[in-house]
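Below is one structure, written out as structure tokens, with a few remarks after it.
As the structure is a computational prediction, the values presented were derived from the model and not from experiment.
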Amino acid sequence: MRAASEAGTGIARTLSVALAALLAFSQAPARAEEAPAATESGVVIRKAAVDVANEPVVTPDASNGAAPTVDAPPPTAEPAPAAEGPPAPVAPSEPLPAAVYARLNDTAPLLQRLTGKDREAIQAFYALGNFKPVWIENRAFTAAANAAIARLREAGEDGLDPNAYPVPVVGKLSRPDTDAEIAEADLKLSAALALYARDARGGRVNPAAISRLITPTLDLPPADTVLTRLAASGAGAGDVLQSYNPRQPGYLALKKRLAGLRAGRTQGAPSVKLPDGPVLKLGMSDPRVPLLRSRFGLDASAAGTLDSAPGEADAYDRSVADAVKNFQRSRGLPANGTLTRATVAALASSSVPKTSASEADILVNMERWRWLPPELGPNYVFVNVPEFKLKVFRDGQVRDETRVIVGKPTSPTPTFSGMMEYAVVNPSWYVPPSILKQMLASGRTAGFEVVRRGGNISLRQPPGERNALGFIKFMFPNQHAVYLHDTPNRSLFSASTRAFSHGCVRVDDPFRFADAVLPSWTQERLKKLIGKGERTLRLPEKLPVHLAYFTAEVDDLGSYRTLPDLYGYDGPMKVALGLAARSEAVAKAPAKEKRASAEAARSAPRQAVAREAVRSERRTAPRRSSDMFGEPESAPTYAYPPRSYW
């Protein structure tokens, strides 16, 4: 196909070529009217006509060494014509491409959830192939189409909804498909494939709708890129489409767990979403009938007999009416065999097995894997907030792990990926505005210095054993201004639920952690720097840091376990994925937060140091998001750590 051969250039390259050509032709002087120039996309761009007689004449004056003079051109009656922009695509003359072109220019949606940007990309993709169908040849699906369709129908394996990617029907037995029907089917399959790839990479749920602190960098593939790859893959298109799903071991383990749960459950008949149409009665014909035949396992058409010819696939005959009647009876509907609106609604929803609570937990956490980068990197730091644990990976294997303290439910630790660039030994702490006001009002400023920072007055706590950031912090610049760091309140690490900070992540045994992420520094060398002034240590290579939020996982021993929903994110996620009603999620979220806070209070150590730290953090809870993160996880009332610090 021409689309498959030409589309590899990509729409972005085509548009840039056209724009570059337009600018070049409009700016460069021409000696005469020239013939139209064609770009790679077939769009004709005409060069502007320029009158050389009206150009300035440069006259060098060599006799006196003066600079060349410029003679102004004589005035002209009419200005030179402006360059013409690329004309709109012209409708193809062949009937089938003309039908594709017409459908693309129709405002009716191809698929409900398809974005306007993706629709434009699909239109550009087809324009590269002169609007010829991509997936249908000789009124049948191509090998690439069949392979991709097989993956769409198995979308449930990856926690996606197969009904979100409807497969069009082609090749009617009763009559040939019209050009308009082929165009519709080809474009709707393109829309379904583009939407699947987008959903597989994390486009189903808007993370900001769950929390403004969930800020992943999503790699959502453009529709034209997806279609170009699939069309060129032939029988391997299904594998290409599958590759948009995560491939991390944690995701694959949850996928396997999901398959095991579903294998032990009786599956109902597949649901079918029928397009809008009239009420159907015995003897009528309608293009939706083949979908009903497929739903009820009927032959594609009624078989012929000695006295009658074979029936048509679109015919609402006795076999279809009887199947509809039996379905209506099983659902408590009037069993008259007539396809009513109530029957259509029941066909679309009632046959889908109810999702269990455990299955919903798995689906929510599979979706969270889509929010991480496709490749975490061979070396990286991974923090699972609800687990209160940090792991360091080297060459894909866990090298070390340690306990961490994360943000309270009132000041959650953000979820995102960043790049660690450097560490600071003996860091200073600059008090954020919200805590600064409280400190000045209470007079608790002993040990702090007044400094000017960014044109504002601030308080600075010098490096030392009582510094809020401890002896070292690890920086990965980000929009939330959070980082990993040490803390003087060592006793808090003995709590089972370690949600005490204002958003940053406090690391237990930070010098052992530094030994794992700073290849040129050992614990012993780093400890010798303590008390010698602030020092920045840059990493030889930036190290990915992933702050994640997983409440269900399969551990290294293959055991499935769930973790507390510390910030109440699971409920809104289930609502967004259609796994729970909104009222249920809203009712449960506050209770979860209260339980998490109560558990944190019960599990906190009873030493006086810990009690004072918790009380001071509650007194200094930030009121504005700009003050929530970054420096200060506790107020400036500190107790000395024990002498045996390490």
Side-chain angles (χ1 to χ4, degrees), residues 1 3-4 7 10-11 89 96-137 140-142 144-156 158 160-171 177-205 218 220-233 237-238 240-245 271-276 287-288 291 348:
M1 291 185 298
I11 184 60
L96 193 49
V100 174
Y101 176 87
R103 180 62 183 91
L104 282 169
N105 284 277
D106 187 348
T107 57
L110 294 172
L111 205 56
Q112 229 22 66
R113 288 179 48 235
L114 193 73
T115 66
K117 185 177 180 180
D118 278 339
R119 175 160 180 149
E120 292 175 0
I122 290 175
Q123 185 169 7
F125 170 74
Y126 275 87
L128 290 174
N130 291 333
F131 299 100
K132 292 181 180 179
V134 178
W135 313 110
I136 301 174
E137 289 182 351
F141 284 127
T142 64
N146 284 323
I149 287 171
R151 174 45 44 196
L152 292 181
R153 288 174 172 161
E154 299 298 330
D158 285 280
L160 303 175
D161 180 9
N163 293 315
Y165 323 105
V167 177
V169 178
V170 297
D177 294 305
T178 65
D179 289 340
E181 289 172 336
I182 292 177
E184 181 81 7
D186 205 88
L187 290 171
K188 286 198 169 181
L189 181 56
S190 287
L193 296 174
L195 184 60
Y196 179 99
R198 182 182 180 86
D199 287 354
R201 278 306 315 136
R204 274 203 300 178
V205 177
L218 297 180
L220 301 181
D224 53 338
T225 301
V226 173
L227 300 179
T228 298
R229 290 187 64 199
L230 295 175
S233 299
V240 172
L241 194 59
Q242 171 64 26
S243 69
Y244 288 103
N245 288 294
S271 62
V272 58
K273 294 183 178 180
L274 299 177
D276 294 336
R288 296 172 294 167
L291 294 175

Would you compute the distance between atom [atom1] of [X] and atom [atom2] of [Y] and round it to the nearest 0.5 angstrom?
X      : Y      : atom1 : atom2 : result
Leu104 : Leu187 : CG    : CG    : 4.5 Å
Leu152 : Asn163 : CG    : CG    : 12.0 Å
Tyr165 : Leu193 : OH    : CG    : 11.0 Å
Asp224 : Glu120 : CG    : CD    : 11.0 Å
Phe141 : Ile149 : CZ    : CD1   : 4.0 Å

Any residue meeting side-chain contact (heavy atoms from CB on, under 4.5 Å) with [X], in chain and number order, not counting sequence neighbours:
X      : result
Ala144 : Trp135, Thr142, Ala237
Arg113 : Ala164, Leu195, Asp199, Arg204
Arg198 : Thr115, Asp118, Leu220
Pro97  : Pro92, Glu94, Phe131, Lys132

If I compare all heavy atoms of [X] with all of [Y], which pair ends up nearest, and what's the gap?
X      : Y      : result
Ile136 : Ala185 : CD1-CB, 3.9 Å
Ile122 : Ala223 : CG1-CB, 3.9 Å
Pro168 : Pro166 : CD-O, 3.7 Å
Leu218 : Gly202 : CD1-O, 3.5 Å
Tyr126 : Pro133 : CE2-CA, 4.4 Å
Pro162 : Gly156 : CG-N, 3.7 Å

Using the side-chain contact (heavy atoms from CB on, under 4.5 Å) rule, take Asp158 and Gln242 through it: C-alpha gap first, then chi angles, then the decisive distance, then the call.
CA-CA 9 Å; Asp158 285 280; Gln242 171 64 26; 3.2 Å; yes
Is the shortest heavy-atom distance from the side chain of Gln123 to the side chain of Asn105 under 4.5 Å?
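A side-chain contact under 4.5 Å exists here.
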Are the side chains of Ser190 and Leu110 in contact, using a 4.5 Å heavy-atom criterion?
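Of all side-chain heavy-atom pairs linking Ser190 with Leu110, none is under 4.5 Å.
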Donor-acceptor under 3.5 Å (Asp186 side chain, Val134 main chain)
yes
Where the side chain of Asp177 meets the backbone of Ile182, is there a donor-acceptor pair that is under 3.5 Å apart?
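Looks like no, no N/O pair under 3.5 Å.
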Test side-chain contact (heavy atoms from CB on, under 4.5 Å) applied to Leu111 and Arg119, step by step:
CA-CA 9 Å; Leu111 205 56; Arg119 175 160 180 149; over 6 Å; no
Run the numbers on Asn245 and Leu160 for side-chain contact (heavy atoms from CB on, under 4.5 Å), then give the verdict.
CA-CA 10 Å; Asn245 288 294; Leu160 303 175; 4.1 Å; yes
Would you list the pairs meeting salt bridge (Lys or Arg N to Asp or Glu O under 4.0 Å) in which at least one residue belongs to residues 96-110, sequence neighbours left out?
Arg103-Glu184
Check side chain to side chain donor-acceptor pair (under 3.5 Å) between Arg229 and all other residues, then give those that pass, not counting sequence neighbours.
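Applying side chain to side chain donor-acceptor pair (under 3.5 Å) to Arg229 gives Tyr244.
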